[in-house]
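In the text below, chain A, chain B and the rest are named by the order of the sequence lines, each starting its count at 1.
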Protein chains: 2
Amino acid sequence: MSDSCFVVRLNRYLDLTPTEKKAVASLEREPRDYPSGSMLWQEGDDLSELLIVHQGWALSESRLPTGKRQILRFHFSGDMIGASGIAFRDAPSSIVAATDMVVCRFPRRALGETFIEHPRLAALFFSISQMESIDLYDRLRALGRSEGKARLANLFLSIAARMRAVSGQHNPVIRIPLTQSDLGDAVGLTQVHVNRLIRQMTEEKLITRNRSTVTLVDEPKLIELARFVDRFSALDSSWFPSPRG
Amino acid sequence: MSDSCFVVRLNRYLDLTPTEKKAVASLEREPRDYPSGSMLWQEGDDLSELLIVHQGWALSESRLPTGKRQILRFHFSGDMIGASGIAFRDAPSSIVAATDMVVCRFPRRALGETFIEHPRLAALFFSISQMESIDLYDRLRALGRSEGKARLANLFLSIAARMRAVSGQHNPVIRIPLTQSDLGDAVGLTQVHVNRLIRQMTEEKLITRNRSTVTLVDEPKLIELARFVDRFSALDSSWFPSPRG
DNA sequence: TCAAGTTATTAACATATGTTATAATTGCGG
DNA sequence: CCGCAATTATAACATATGTTAATAACTTGA
């Protein structure tokens, strides 16, 4: 196994041919370090590169002119960041490192070449992009139609699902390097209210949290509370074009 | 020019070659009628076809077990529906006709063939899918971080922008065939509260609404209130692979 | 080990939004 | 043109969440 976590990720969804692996790996070069808190790019920046996360967490955020912040999405190891920069010149959100990170960049033109040379990869990129849309639908539904506790439950479960998919482990203890303010900005609540809710959820023995660790104490109840559906387990690739030679 | 509104739509973003046009048009066959209110498919249905909207409006919605509904997205003429069914077997949301509609269906396998034969189209589909993601980001930010009035303003402006892009007209009067309950389900509010807000916005001379018509009376103020950004005007296709033959 | 900055906790109070219910309108089929 | 069903309009009241502010508990680096 190479050290390319992008290959590892994609290979989970689709059995890549050696040529395809090589193509994917070539997108992932010259890893760079970014310290926690640094900004990989900023809302409105002219954008011509994509990123692949090697190690660490990042988050996309967007700010209202009032200074209020909404966290839109989290990015983990093996994630491609900035695909939106493919439809538009300027970035619709900022990318911030939530932990120390190792990241690769590649020019978006390389993506065009990949689309020509490797139709299956094109299909796979398209599918992954659809998975992300569905994840967004779920979050939209949570924000629009459920109360604070359910929103938090949803967030924790969805982060857990994605991290478990990456690690292969199924651990009730999850490292979530986010402050109460961050959590609030992710689910549309205030830091103060997040604090209240976490206290209640702790009293109700649903979760436990300290520092950057959240423990899912009663996962079945959390799932019911949040009406959570895990979308990230399997991809249906039965319709994909067949591999070339 | 053929009567294929999918070709018309795609051609707005990218100058299609005759071959590409033919390929796109072949996805759009056997138009069928659906009366307003009918359900094109339902959350959880096994899904192996995609839709293209010829005429009319549809909306995707998802229901919580409590019966609460969240409207996720609106679909207009030239839109492709169900791309999410490409990553997963079962539909993550229901599709309901908001007006009488004319719709075409095609099997998703056909999309795979298109990805092989026409890399530029693959890139275009990918880009459009990214546009939709960005639209979702905007809605997420609106739901998470702004109050009712701004959410409604956002909804009206975004629908207006999309319909104007389709029609080429820039009219302050927009036909929005949604009840106050529907509006509420789209922006995460109650029918009663939507009613209150519309009254206030009318008093403040921001909008006017009666029956299924909304008039943007003071569009600049609405834009400021909503912090609205129009994403649907242009697509950056400079990175696309070049056309074949 | 201290000092300084973050992060978390709690309280009192303010407000946006939800709930329920009822009446007024409007639209539509016969 | 009538009457039923859906939509809209209001009111009174309940509650979730926001705001501000003050203190406490941590982290971190010198």
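Between A:G148 and A:Q191, the one whose closest nucleotide on DNA chain D sits nearer the 5' end is A:G148. Nearer the 5' end of DNA chain C, as judged by each residue's closest nucleotide, is the contact made by A:S181, out of B:K149 and A:S181.
Atom-to-atom, CG of A:L183 to C1' of D:dT17 comes out at 16 Å; the value is rounded to the nearest Å. Going from atom CD1 of B:I176 over to atom C1' of D:dT8 covers 17 Å, rounded to whole Å. Rounding to whole angstrom units, CG of residue A:L189 and P of D:dT15 are separated by 19 Å. Following rounding to the nearest Å, A:E147 (CD) and D:dA14 (C1') show an atom-to-atom distance of 15 Å.
A:G188 comes within contact range of the sugar-phosphate backbone alone, with a heavy-atom separation under 4.0 Å but no base atom that close. B:T190 comes within 4.0 angstrom of a base, heavy atoms only.
Close to C:dT9, at under 4.0 Å from its OP1 or OP2, lies a side-chain N or O of A:Q180.
Applying the side chain to side chain contact (heavy atoms under 4.5 Å, CB included) test to A:Q42 and every residue at least two apart in sequence or in another chain returns A:M39, A:D45, A:S94.
Comment: B:E204 engages B:K149 in a salt bridge, judged by a side-chain N to carboxylate O separation of less than 4.0 angstrom. Look at A:E30 and A:R32 and you find no salt bridge, because none of the NZ, NE, NH1 or NH2 atoms lies under 4.0 Å from a carboxylate O. A salt bridge links B:D185 to B:R69: one of the charged nitrogens lies within less than 4.0 Å of a carboxylate oxygen.
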Notebook entry, point to check: How far apart are the C-alpha atoms of B:R231 and B:D138, what are their side-chain angles, what is the distance that settles it, and do they pass the salt bridge (charged side-chain N to carboxylate O under 4.0 Å, His left out) test?
Noted result: CA-CA 9 Å; B:R231 310 282 190 183; B:D138 288 339; 2.8 Å; yes
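Although no hydrogens or angles enter the test, the distance criterion places no donor-acceptor pair under 3.5 Å between the side chain of B:T190 and the main chain of B:H193.
Contacts with DNA chain C (heavy atom under 4.0 Å) in residues 192-215 of chain A: A:V192, A:N195, A:R196, A:R199, A:R209, listed by number.
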